[in-house]
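In what follows, a structure is listed as structure tokens, so that the remarks can point back to it.
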Amino acid sequence: MRLDTNPNIEAVIFDLDGVIVDTAQYHYEAWKTLALEWNYSLKSSDNEALKGVSRKDSVSKIAAWAGVQPSAQELENIASRKNTLYLELCAELTPDDVLAGIENLINELKVNNIKVALGSASKNARFVIEKLKLNNTFDVVVDGNDVLHSKPNPEVFLKAAERMNVQPQSCCVIEDAPAGIQAALKAQMIAVGLGKTSELSQAHLILPNATNLTLSKMKQLYQQILS
Ligand code: BG6
Ligand code: MG
């Protein structure tokens with residue numbers, strides 16, 4: 001995909017769950033437990049469709065897959081119990097749980113005066129980054145409490161760019177979710193997908209994880225896209 005203007009990367013926006021820490025797995029486990037109450041066995045393909053999606057939208061999607069029509073109150077109750085389970089799973093998180101390559105990459109970006117932001121759909125993002133001792137790492141944190149629309153809507157990334165005072169075209173997003181890649185593209189940002197090519201085919205670059213992701217690779221990508 002060709003981007004319109006600026007060839008410089010000025011900021012990198014990191015998704016949290018599944019990019020910085022493997023909490024995508026915890027969301028899945030918690031939803032799986034709750035979905036069983038509707039006699040629905042959540043599949044891993046369902047989970048791909050839930051990644052990056054807000055808690056409220058996720059519970060509605062699961063109800064639709066399960067073929068149930070719960071009241072608004074029951075939806076809220078399930079979502080709230082899912083969150084309790086999720087937070088129990090997160091309780092043991094430590095800085096050792098930061099995924100491979102992430103800290104090196106953040107350090108490289110900072111040394112090169114590239115701004116770093118967190119752009120997460122999660123309302124628990126601040127809690128999780130505190131557990132990881134990354135709460136003083138990001139120039140800007142935009143999370144599920146700051147946005148009205150969940151990914152694939154680009155709001156979370158556009159808000160992060162605005163708060164950093166950089167143009168969207170100068171931002172690179174790192175995501176593990178199809179919905180997050182779509183959000184980045186809608187925001188006119190470079191999209192790097194971490195995970196499987198089959199899930200993230202729309203990304204500008206797909207890598208299995210962050211271990212080989214460097215600033216120079218992102219710059220190369222920019223040049224390729226602009227040429
Ligand atoms: C996203 C996750 O980061 O946050 C989704 O990928 C999750 O799975 C969403 O539903 C909302 O998270 P939370 O913590 O507010 O329930
Ligand atoms: Mg994610």
Side-chain angles (χ1 to χ4, degrees), residues 12-35 42-65 75-91 93 97-99 101-102 117-132 134 138 141-157 159-160 172-185 187 189 191-196 199-200 202-203 206-210 213:
V12 174
I13 307 175
F14 290 81
D15 173 49
L16 175 65
D17 298 314
V19 166
I20 288 181
V21 59
D22 200 11
T23 38
Q25 193 53 32
Y26 296 171
H27 282 292
Y28 183 33
E29 280 175 37
W31 279 131
K32 228 174 167 169
T33 304
L34 271 299
L42 203 69
K43 305 184 287 285
S44 72
S45 56
D46 297 332
N47 188 45
E48 287 308 313
L50 294 179
K51 285 182 181 173
V53 174
S54 70
R55 198 182 313 159
K56 193 164 176 273
D57 290 351
S58 297
V59 74
S60 301
K61 275 182 192 274
I62 296 169
W65 294 332
L75 283 174
E76 228 181 278
N77 177 278
I78 294 274
S80 146
R81 286 165 52 223
K82 179 267 176 178
N83 198 46
T84 305
L85 264 185
Y86 174 70
L87 289 177
E88 277 169 23
L89 293 169
C90 287
L93 285 174
D97 292 301
V98 175
L99 289 171
I102 292 293
L118 192 75
S120 169
S122 175
K123 293 188 172 177
N124 296 303
R126 285 184 168 82
F127 168 75
V128 170
I129 58 174
E130 263 179 42
K131 300 288 289 179
L132 302 175
L134 292 178
F138 298 96
V141 172
V142 182
D143 69 11
N145 299 295
D146 301 312
V147 295
L148 287 176
H149 308 291
S150 110
K151 301 169 189 174
N153 187 293
E155 185 181 4
V156 66
F157 297 141
K159 208 160 238 182
C172 178
V173 168
I174 306 179
E175 258 294 346
D176 70 319
I181 298 292
Q182 285 168 36
L185 296 179
M189 297 176 179
V192 174
L194 299 185
K196 293 191 188 136
E199 309 288 353
L200 304 170
Q202 289 181 299
I206 306 162
L207 295 170
N209 54 52
L213 183 56

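The shown structure was predicted, so the numbers you read here are calculated from the model rather than taken from an experiment. Position 1 is the first residue of the sequence; numbering continues from there. Whatever order the structure lists ligands and atoms in, that order sets their numbers, starting from 1.
For the ligand labelled ligand 1, residue Gly52 lies inside the 4.0 Å heavy-atom shell. Ligand 1 has at least one atom lying under 4.0 Å from a heavy atom of Ser58.
Cation-pi geometry between Lys82 and Tyr86 is met: the NZ or CZ atom falls under 6.0 Å from the ring centre, inside 45° of the normal.
Contacts with ligand 1 closer than 4.0 Å are made by heavy atoms of both the backbone and the side chain of Lys123.
Here the options are Leu16, Ile102, Leu134, Val98, the test is side chain to side chain contact (heavy atoms under 4.5 Å, CB included), and the partner is Val21; only Leu16 passes. A side chain to side chain donor-acceptor pair (under 3.5 Å) with Arg81 is found for one member of Thr84, Asn77, Asn83 and no other, namely Asn77.
Nearest protein neighbour of atom 13 (P) of ligand 1, counting heavy atoms only, is Ser122 OG, 3.5 Å.
For Lys196 and Glu48, the salt-bridge test fails: no basic side-chain N is under 4.0 Å from an acidic carboxylate O. Checked for salt-bridge contact, Lys32 and Glu29 miss the test: no charged N lies under 4.0 Å from a carboxylate O. A salt bridge between Lys159 and Asp146 is absent, with no side-chain N of the basic residue lying under 4.0 Å from a carboxylate O of the acidic one. At a threshold of 4.0 Å, the pair Lys131-Asp97 does not count as salt-bridged, since none of the basic side-chain nitrogens sits closer than that to a carboxylate oxygen.
Residue Lys51 has at least one heavy-atom neighbour below 4.0 Å for each of these atoms of ligand 1: 6 (O). The ligand atoms of ligand 1 that sit less than 4.0 angstrom from a heavy atom of Leu50 are 5 (C), 8 (O). Against a heavy-atom cut-off of under 4.0 Å, Asn124 is close to the following atoms of ligand 1: 13 (P), 14 (O).
Looking only at its N/O/S atoms, Asp15 has OD2 as the one nearest to the Mg ion (ligand 2). Residue Asp176 approaches the Mg ion (ligand 2) most closely through its N/O/S atom OD1.
Residue Arg55 has at least one N or O atom closer than 3.5 Å to an N or O atom of ligand 1.
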Step by step, would you call Phe14 with Val12 a side-chain contact (heavy atoms from CB on, under 4.5 Å)?
CA-CA 6 Å; Phe14 290 81; Val12 174; 3.6 Å; yes
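Residue Asp17 counts as close to the Mg ion (ligand 2), with an N, O or S atom under 2.8 Å.
Around atom 5 (C) of ligand 1, the closest heavy atom drawn from Asp17, Asp176, Val53, Leu16 belongs to Val53.
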